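Working notes for the structure below.
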Protein chains: 2
Amino acid sequence: MPRVVAEREDVLPTLAEIFREHGFEGASLSLIGRRTGLGKSSLYHFFPGGKEEMAAAVLKNIEAWFEANIFLPLEKEADPHRALENMLRAVEAYFQSGRRVCLVGALALGDARDRFAEPIRAYFARWRDTLAEALQRAGLARADAKDLAEEAIAALQGALVLARALDDPGVFRRTLNRLKARLPARARPMRSA
Amino acid sequence: MPRVVAEREDVLPTLAEIFREHGFEGASLSLIGRRTGLGKSSLYHFFPGGKEEMAAAVLKNIEAWFEANIFLPLEKEADPHRALENMLRAVEAYFQSGRRVCLVGALALGDARDRFAEPIRAYFARWRDTLAEALQRAGLARADAKDLAEEAIAALQGALVLARALDDPGVFRRTLNRLKARLPARARPMRSA
DNA sequence: GTCTATAGATCGATAGAC
DNA sequence: GTCTATCGATCTATAGAC
């Protein structure tokens with residue numbers, strides 16, 4: 001890899017951080033150019049559709065990461081309890097224990113929600129459905145599984161909002177602990193929750 | 001009241017809706033002028049500090065509304081169970097059953113979070129603390145009350161994110177029901193939760 | 001207090017040389 | 001592919017007449 005930025009893919013993580021920090025409207029092309037080290041011409045070479053294509057590519061990239069690292073493992077792991085534990089661990093790492101906001105959630109509340117309504121909806125729907133399916137395999141009734149899946153995802157998103165608002169990552173950590181305690185537990189000879 | 005807009009106070013609700021819909025950066029002065037029916041000069045007459053002063057005034061207005069309609073009732077209502085029920089009812093009405101986003105939460109995730117960090121922090125801290133105090137009066141241990149207060153506020157914020165993302169207000173309604181079931185219940189001869 | 005007009009900066013996007 | 005230069009639009013904010 002002779003260059004820092006060899007392909008379009010290489011700038012996506014930087015773009016994601018910029019959109020996370022400044023939102024869609026707040027991420028100006030001059031700021032993007034400065035942070036990526038690319039001139040406007042290079043950016044338009046990689047993303048002919050401009051800023052909107054950049055954000056769409058970032059969303060697609062995030063979707064793909066969650067698909068590979070969260071959703072598919074939730075579906076494929078034979079042991080549902082292990083699948084749930086793995087999800088929480090991956091989520092904690094991804095959101096850096098609450099110091100990193102969820103770009104999809106931020107876009108859902110922010111200025112560009114209409115522009116990306118469909119990928120935003122699909123991301124959360126997929127998460128909710130795979131989580132509900134895993135909870136069902138872990139022993140919950142279908143209705144309870146759907147309800148807990150929705151509650152868990154809302155709790156995570158709310159924790160990211162609150163952690164950011166209070167500037168206290170502990171909110172996210174405590175939320176993960178509450179979720180761990182509420183998910184169907186392995187049958188073990190230990191104290192009850 | 002001879003005019004539609006007689007005072008600075010009169011435009012605050014409209015400004016709040018604009019910031020809710022477009023975020024801070026997305027709310028341009030031309031858009032604000034169109035929606036409020038005020039020219040730029042009038043806006044700068046009311047808000048010499050420009051857009052930043054408009055958003056600060058809106059935040060202060062929201063703070064005052066919650067202080068009067070949520071926080072003080074939580075503190076003053078003698079019956080803690082009734083206080084909690086009142087809070088949930090007021091919250092449901094304010095957020096229009098999930099169709100209206102929380103501007104404070106949206107700002108916390110969005111572009112202008114650093115600009116308004118202190119009022120955002122104060123709003124959520126005040127809510128968390130008054131709720132925890134009411135829960136303690138309702139019989140919970142101090143640590144449990146603080147934990148449940150944080151969980152409840154995060155759940156509400158997350159529900160607003162998810163309801164918006166999935167375009168399904170049912171998420172918010174179901175979250176309120178879950179919270180109702182989890183708050184300390186009145187002593188009644190009924191089924192357990 | 002509200003109007004028109006506009007300053008001055010920055011926006012997203014493009015052209016053309018190399 | 002990346003550079004410089006720049007377009008026209010839009011931005012926040014202000015000036016000055018009324």
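Please read all numbers here as calculations on a predicted model, not as lab measurements.
Arg100(B) places a side-chain N or O within donor-acceptor distance of the main-chain N or O of Tyr94(B), the cut-off being under 3.5 Å.
Both Leu31(A) and Phe24(A) are part of a single hydrophobic cluster, where members link through side-chain heavy atoms under 4.5 Å apart.
Look at CG on Leu38(A): it is 12 Å from P on dG1(D), rounded to the nearest Å. In this structure, OH of Tyr44(A) is placed 12 Å from P of dC11(C), rounded to the nearest angstrom. In this entry the distance linking CZ of Phe47(A) with P of dG1(D) reads 13 Å, nearest Å. Distance, Leu29(A) CG to dT4(D) P: 16 Å, rounded to whole Å. Between the NZ atom of Lys51(A) and the C1' atom of dT14(C) there is a distance of 17 Å, given to the nearest Å. The distance between atom CE of Met54(B) and atom P of dC11(D), rounded to the nearest whole Å, is 13 Å. The interatomic distance linking Arg34(A) (CZ) with dT10(C) (P) rounds to 10 Å, in whole Å. The CD atom of Glu25(B) sits 12 Å away from the C1' atom of dC11(C) (whole-angstrom rounding).
Atom CZ of Arg82(A) has 12 or fewer neighbouring heavy atoms from other residues, nucleotides or ligands inside a 6.0 Å radius. The number of heavy-atom neighbours closer than 6.0 Å to NZ of Lys180(B), taken from other residues, nucleotides and ligands shown, is above 12.
Only at 4.0 angstrom or more do the heavy atoms of residues 109-120 of chain A sit from any atom of DNA chain C, so none qualifies.
Not one side-chain nitrogen or oxygen of Ser42(B) sits closer than 4.0 Å to the OP1 or OP2 atom of dG1(C). At least one side-chain nitrogen or oxygen of Ser30(B) sits closer than 4.0 Å to the OP1 or OP2 atom of dC11(D).
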Problem set entry | Worked verdict on Arg89(B) versus Asn86(B) for side-chain hydrogen bond (donor to acceptor under 3.5 Å, both in side chains) | CA-CA 5 Å; Arg89(B) 200 168 25 235; Asn86(B) 285 345; 2.5 Å; yes

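Taking 4.0 Å as the cut-off between side-chain N and carboxylate O, Glu133(A) and Arg137(A) count as a salt-bridged pair. We find that Arg8(A) and Glu53(A) are joined by a salt bridge, their nearest charged nitrogen and carboxylate oxygen being less than 4.0 Å apart. Looking at Arg178(B) and Asp147(A), a side-chain N of the basic residue comes within less than 4.0 Å of a carboxylate O on the acidic one, giving a salt bridge.
The side-chain heavy atoms of Met54(B) and Phe46(B), taken from C-beta on, include no pair separated by under 4.5 Å.
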Distances for protein N/O vs nucleotides 4-6 of chain C N/O pairs under 3.5 angstrom?
residue: dT4(C); atom: O4; partner: Ser41(B); partner atom: OG; Å: 2.9

